[in-house]
> 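Shown below is the structure under consideration.
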Amino acid sequence: MSQAVVAEVQGNVAVLYMQSPPVNALSKSVRVGLIENINQALDNAEVKAIVISSKLALFSGGADISEFSGGNLEPHLPTVLDVIENATKPVIAVLNGPAFGGGLEVALSCHYRVTFASNKVGLPEVNLGILPGAGGTQRLPRLAGVAKALDMIVSGRPEKASKLAGVFDLVVEDPTNLLSEAMAFVQKVIADGAQVRKTSDVAIDKSSAPDELFAQYRQGLKKQARGFFAPERCIQAVEASVSLPFEQGLVREGELFMECMGSKEARAQQHFFFAERAAAHVSDYDKSTPTRDIKKVGIIGAGTMGGGIAMNFANAGIPVIMLELKQEALDKGLALIRKNYENSAKKGKLTQQAVEERMALLQGSTEYAALSDVDLVIEAVFEKMSVKKEVFGALDKVCKKGAILASNTSTLDVNEIAASTSRPEDVIGLHFFSPANVMKLLEVVKAEKTSADVIKTCMQMAKKINKVAVLVGVCFGFVGNRMIEPYGREAARLMLEGATPQQIDKVIYDFGLPMGPFTMGDMAGLDIGFYVRESRREFIAHDPSYCVVSDRLVKQGRVGLKSGRGAYMYEPGNRMPIPDPEVVEMAKEEAARLGIAQRDISDQEILERIIFPLINEGALILEEGIAAKSSDIDVIYVYGYGFPVYRGGPMQYADEIGLKKVYDAMCKYRDELGEYGGHWFEPAPLLKQLAEQGKRFADFKQ
Ligand code: NAD
């Protein structure tokens, strides 16, 4: 018999414990174990009631998603739930910990449910691009009410048991009393005649589903669910629970579930789920590699990035010393951090006490000596190699042996920075994204000499400060910014060829990014890109059309939102971009000067010319080993650049549409766009190779 479920007969009650570490995923062995033990309990005349609970901290984390790839998976979960619901003795779920997805569906199919008030349950399937496919969409509305169930199923958000009165028959306040109170409840059920009470027999409370409920819900979800496939199917499944009898509702749920399972969005979201976890597995170190303790952190520069980075550590309870050249700059930086925290407090996200506790962890200094005992320093000063070298030279002198010296540079060569110290093995890049206290992504940049224990320490430290770390190698812009370069370049070029900023932005927005390249450029400030171009004119000199309109705008002081004008115009105090005819005119003039014919450009060409070169750059990054696997690039793009998760990231998107399509389009534009095409549309050798072999980026191993 399966060991994933063990039964203990306690008097007249059979208690079935799921015990399949780490999270009681409902794998085949658990499903088999549940059926076998229930049948045995039904056969045992001594047993009057059956309890399903767990030996682990979780009741159950839900489906075993490693089974999504197939195999002989019988009995499926709905079969198990049928066995539970049709049991002739009462089955009581005792939730000793959280129940998610299939785990909650197990509980919903039981005849009674008991838990403690702060316990959490949820149906998060929508996050994997699917819906609860084992009756969750039909049973939860019967117990929780339609509106509540709808919200839980479509949002995927867990809910506290105390807020789910209809779902639980007994909610105990103190979790330590759960077992004793649950067993007393079971005895009462037995004493009351051991009634079997099927959730499927519960009539839907129509008053919890007013006529306009679904229409209003759809309306409210429009922006948030843009581009996703599953949320609408979740709504339809809950609608079915209201309009159809239970059995037919289950059939409808099954159809919608299969539609979701077959969707490219589900493939993308499931790919991304694994991609995020895979990013933590790197070959540069192993279990035996030691790590260094990070008990105190130094941050150089209390500007935009330094302040945000410091907040991450304070939030994690790690003390920080911030270093600035002048007291004034230091005071300004610390005051801004306080303001950020106070804003969170005003919104009720933080207590005033927590604000003070976090601020107390942040100290300032203008003396390098203050950094003599820190375990990690992160430099976030101006993006200039000479300044960085000066800072690292100073750090080399004052920091203790074994301290990790990190740079937050976006573009500069971390090998060169490391070489300005006597301890390059301790130097690493930690590339945070702005705003650094909000953005989840951290590119951990390993330089040539960075030691394995420094890499491992930084990857683990990222988790502590709630970041998703991706390990990358040194090159201009690392992974994220290197790939954004062709994206921005093509947007600018398409404008010269006759597309308007709003047409281009709309194509990219409709593709699923939060905003198009021109809106993004205006928000970030056009001067930022300008300075990057200034620092590498020799690499772009062969293309006289390179971002010429943007250069002209910056030279006129039109640097975007902050100056009220950039690629768009802005009303004072309003962030809404307004098309600027002067910019379109400027593009016309520049095109004439450069001999570029203007024409109507299709949305498809815009999309391909902006997204495919970005993917092509990703292919170069992969073959150069700057990223270890294509899924790492996807994690960077979803968390760092707002690439839609329902497309799984740029590399998954390319794999989904087929690399041959990307390769052929690159060749087409290379050949059609004359000299310009020759400069920028040469397909990466890896793209060519994989396309010819009919393979995917995901198949590529270093
Ligand atoms: P910033 O101008 O807002 O802040 C830099 C701060 O460093 C200033 O407060 C300045 O007084 C201080 N400083 C300069 N030289 C110093 C020195 N020698 N010692 C101590 N302090 C010094 O700049 P930022 O936007 O925070 O950028 C900092 C770094 O982060 C740059 O390398 C940048 O490329 C990188 N970065 C920026 C972003 C972004 O979006 N802003 C994103 C990722 C990485």
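Every number for a ligand or one of its atoms is a count from 1 in the order of the listing. Just so it is clear, the model here is predicted, and its values are computed rather than measured.
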> Note the single closest protein heavy atom to atom 4 (O) of ligand 1, along with its residue, its atom name and the distance in Å.
G303 CA, 3.3 Å
> Take every heavy atom of K332, measure it against each atom of ligand 1, and state whether any distance is under 4.0 Å.
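Outside the 4.0 Å threshold, so no.
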> Kindly indicate whether the side chain of V320, heavy atoms from C-beta on, has any atom under 4.5 Å from the side chain of M311.
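No; the side chains remain at least 4.5 Å from each other.
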> For the residue pair Y637 and F643, categorise the inter-ring angle as parallel (less than 30°), tilted (30 to 60°) or perpendicular (more than 60°).
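It falls in the perpendicular class, over 60°.
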> Identify the closest protein heavy atom to atom 44 (C) of ligand 1: which residue and atom is it, and at what distance?
S410 OG, 3.0 Å
> Please state whether the rings of Y653 and F612 are parallel, tilted or perpendicular, taking 30° and 60° as the class boundaries.
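It falls in the tilted class, 30° to 60°.
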> Do E342 and R338 sit within salt-bridge range, that is, some charged N less than 4.0 Å from a carboxylate O?
yes
> I need the contact type for L412 against ligand 1. Using non-hydrogen atoms and a strict under-4.0 Å cut-off, is it side chain, backbone, both or neither?
neither
> Side-chain contact test, heavy atoms from C-beta onward, threshold under 4.5 Å: evaluate it for E443 versus V479 and give yes or no.
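In short, these two side chains touch, coming nearer than 4.5 Å.
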> Please state which protein non-hydrogen atom is closest to atom 30 (O) of ligand 1 and give its distance, to 0.1 Å?
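Going by distance alone, atom 30 (O) of ligand 1 is nearest to N408 ND2, 2.9 Å.
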> Measuring only between side-chain heavy atoms, which start at C-beta, is R575 closer than 4.5 Å to M523?
yes
> For atom 2 (O) of ligand 1, find the nearest protein heavy atom and state the residue, atom name and distance (0.1 Å precision).
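The closest heavy atom on the protein side is F382 CE2, 3.5 Å.
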> Give the residue and atom name of whichever protein heavy atom lies nearest to atom 20 (C) of ligand 1, and the separation in Å to one decimal.
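Result: I300 CG2, 3.6 Å.
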> Any idea which protein heavy atom is nearest atom 37 (C) of ligand 1, and the distance to it?
M305 CG, 3.3 Å
> To which protein heavy atom is atom 31 (C) of ligand 1 closest, and what is the distance rounded to 0.1 Å?
V381 O, 3.2 Å
> Is H431 near ligand 1, meaning one of its heavy atoms is under 4.0 Å from it?
yes
> Do NZ/NE/NH1/NH2 and the carboxylate oxygens of K384 and E390 come within less than 4.0 Å?
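Salt bridge flag = no for E390 with K384.
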> Determine, counting only non-hydrogen atoms of the protein, whether one lies under 4.0 angstrom from atom 23 (O) of ligand 1.
no
> Among all protein heavy atoms, pick the one closest to atom 11 (O) of ligand 1 and tell me residue, atom and distance.
E324 OE1, 2.8 Å
